[in-house]
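See structure below.
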Amino acid sequence: MNKILITGATGNIGIELIRFLSKIETSNQIVAGVRNIEKAKKTFTNVPELAYVHFDFEDSNTFESALNQIDTIFLLRPPHISDVDTYFKPLIESIEKKNIKKVVFLSVQGAEKSKVIPHNKIERLIQNSTLNYIFLRPSYFMQNLTTTLIADIRTKRTIILPAGRAKFNWIDIENIAEIAALLLCKFDEYKNRAIEITGSENENFEKVADIINQTINSPIEYKNVNPFKFFKQKKQDGMQKGMIMVMILLHFLPRFQKEPQIFNFYEQITGKNPTVLKDFIEREKHQFEIQ
Ligand SMILES: NC(=O)c1ccc[n+]([C@@H]2O[C@H](COP(=O)([O-])OP(=O)(O)OC[C@H]3O[C@@H](n4cnc5c(N)ncnc54)[C@H](OP(=O)(O)O)[C@@H]3O)[C@@H](O)[C@H]2O)c1
């Protein structure tokens, strides 16, 4: 039996990943590594076979017992953790000490090109360790529209970002989680590769607002703001400084970069097409209406 530890289990990707893993018939045992076991159990009432361990990226005392008997790890970087040396270096060392060899790391498209982002440092840390790895490098989550951007959409009917007319590649988290589940089960076939997971559309926010407006009753608009104004506004809204900086990096830098490259790994491995924006927005349209 292969024991797979899922970090970030209660987040966007983690919940979908556990849903897909629970549908795949294998003898794998899935273990959710979470900060609060009781809270997590409420999220996964429909997955009775799921096991839980206490795991906190910010408390290295939890590593030893969380890693016990684990064969494979799904590793992600919680968005507020950017200090790789403090939090990820000791974790990777603990994983090595436990003689665990398989890590699937949720990175980001283009991580290899940008030394300033933490995913790049984490990838290098893993490559320089004794671990075998798969780096999943997804593009821009469609679900950003229904998570980080939803408050402005609902209350101001506006998407406010310093993204100009930059085009993003849009991927559905369900597609990423489906791939992650398959790769965790077929690790050896894909080991020591970096895999880009993209959707089929590169679109800017003006176009995305248009697509949303074709589906809902109360229209929204896209407003481009400069990074300083964005920082000030988000600080006023109560967003943490670190998170604002991540939002700026994620949305401002693409203005100076080439359009994202589109890959067809999802089609190749599943035989299906990835979700398109129109279908995602139709699926989630209740979220965009005035509440
Ligand atoms: N947004 C995008 O477009 C995009 C694109 C490509 C890659 N990514 C990457 O995807 C990752 C985020 O994935 P996500 O959206 O699934 O994350 P998320 O929804 O923000 O969830 C974060 C998860 O991490 C857990 N967590 C937070 N702090 C923790 C700690 N100290 N110890 C243990 N667990 C902790 C949270 O658990 P609790 O329930 O305890 O809070 C939660 O399960 C980031 O690395 C991001 O850079 C994002």
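Keep in mind the model is a prediction, meaning the values are calculated, not measured. Start at 1 and go down the list; that is how both ligands and their atoms are numbered.
- Atoms of ligand 1 lying under 4.0 Å from any heavy atom of Ile13, numbered from 1 in the order shown and given with element: 16 (O).
- Among the atoms of Leu250, none of the N or O lies under 3.5 angstrom from an N or O of ligand 1.
- Within ligand 1, the atoms closer than 4.0 Å to a non-hydrogen atom of Asp56 are 30 (C), 31 (N), 32 (N), 33 (C), numbered from 1 in the order shown.
- Closest protein heavy atom to atom 40 (O) of ligand 1: Arg35 NE, 2.9 Å.
- At least one heavy atom of Asn144 lies less than 4.0 angstrom from ligand 1.
- Using a 4.0 angstrom heavy-atom cutoff, Asn36 does not count as in contact with ligand 1.
- Under a 4.0 Å heavy-atom criterion, Arg137 is not in contact with ligand 1.
- With respect to atom 21 (O) of ligand 1, the closest heavy atom belonging to the protein is Gly11 CA, 3.3 Å.
- In this structure, the protein non-hydrogen atom closest to atom 23 (C) of ligand 1 is Gly8 CA, 3.6 Å.
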Practice item. May I have the step-by-step check of side chain to side chain donor-acceptor pair (under 3.5 Å) for Thr275 and Asn175, ending in yes or no? Key: CA-CA 7 Å; Thr275 310; Asn175 298 157; 3.3 Å; yes

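- Looking from atom 22 (C) of ligand 1 to the surrounding protein, the closest heavy atom is Pro79 CD, 4.0 Å.
- The only option from Glu282, Gln287, Glu289 that meets the side chain to side chain donor-acceptor pair (under 3.5 Å) definition with Lys285 turns out to be Glu282.
- Between Ile171 and Ile197 there is a side-chain heavy-atom pair separated by less than 4.5 Å.
- Taking a cut-off of under 4.0 Å to the non-hydrogen atoms of Val108, the atoms of ligand 1 that pass are 6 (C), 7 (C).
- Of the charged side-chain nitrogens involved, at least one lies within less than 4.0 Å of a carboxylate oxygen, so that Glu64 and Lys98 count as a salt-bridged pair.
- Close approach of ligand 1 to Ser139 is summarised as follows: ligand atoms under 4.0 Å from at least one heavy atom of the residue are 5 (C), 6 (C).
- Ring geometry, Phe57 versus Phe88: the interplanar angle falls from 30° to 60°, so the pair is classed tilted.
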Practice item. Apply the test side-chain contact (heavy atoms from CB on, under 4.5 Å) to residues Ile126 and Leu75: give CA-CA distance (whole Å), side-chain angles for both, the deciding distance (0.1 Å), then the verdict. Key: CA-CA 11 Å; Ile126 294 172; Leu75 185 66; 4.2 Å; yes

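- Only the side chain of Leu106 comes within contact range of ligand 1, with a heavy atom under 4.0 Å; no backbone atom does.
- The nearest heavy-atom contact from the protein to atom 26 (N) of ligand 1 is Pro78 CG, 3.8 Å.
- Aromatic ring orientation, Phe44 versus Tyr52: tilted (interplanar angle from 30° to 60°).
- Contacts between Leu76 and ligand 1 below 4.0 angstrom, taking non-hydrogen atoms only, involve the side chain exclusively.
- At least one N or O atom of Asn12, backbone or side chain, sits closer than 3.5 Å to an N or O atom of ligand 1.
- Using a 4.0 Å cut-off between charged nitrogen and carboxylate oxygen, Asp172 and Arg283 count as a salt-bridge pair.
- Of all the atoms in ligand 1, the ones that sit under 4.0 Å from a non-hydrogen atom of Glu58 are 30 (C), 31 (N).
- Thr10 OG1, 2.5 Å is the protein heavy atom nearest to atom 39 (O) of ligand 1.
- Under 4.0 Å is where a charged nitrogen must lie from a carboxylate oxygen, and between Glu203 and Lys167 no such pair does.
- When side chains are defined from C-beta on, Asn264 does not count as touching Tyr266, because their heavy atoms never get closer than 4.5 Å.
- Of all protein heavy atoms, the one lying nearest to atom 9 (C) of ligand 1 is His119 NE2, 4.0 Å.
- Neither the backbone nor the side chain of Ala40 comes within 4.0 Å of ligand 1, counting heavy atoms alone.
- Residue contacts with ligand 1 include Ser107, since one of its heavy atoms falls under 4.0 Å from the ligand.
- Proximity to Pro138 (heavy-atom distance under 4.0 Å) selects the following atoms of ligand 1: 6 (C).
- Contacts with ligand 1 closer than 4.0 Å are made by side-chain heavy atoms of His80 only, the backbone lying farther away.
- Note on ring orientation: taking the six-membered ring where Trp is involved, the planes of Tyr140 and Phe168 are tilted (angle from 30° to 60°).
- Checked for salt-bridge contact, Lys234 and Asp237 meet the test: a charged N lies under 4.0 Å from a carboxylate O.
- Here Tyr133 and Phe105 keep their ring centres 6.0 angstrom or further from each other.
- Here the heavy atom of the protein found nearest to atom 32 (N) of ligand 1 is Phe57 N, 2.9 Å.
- Using a 4.0 Å cut-off between charged nitrogen and carboxylate oxygen, Glu93 and Lys89 count as a salt-bridge pair.
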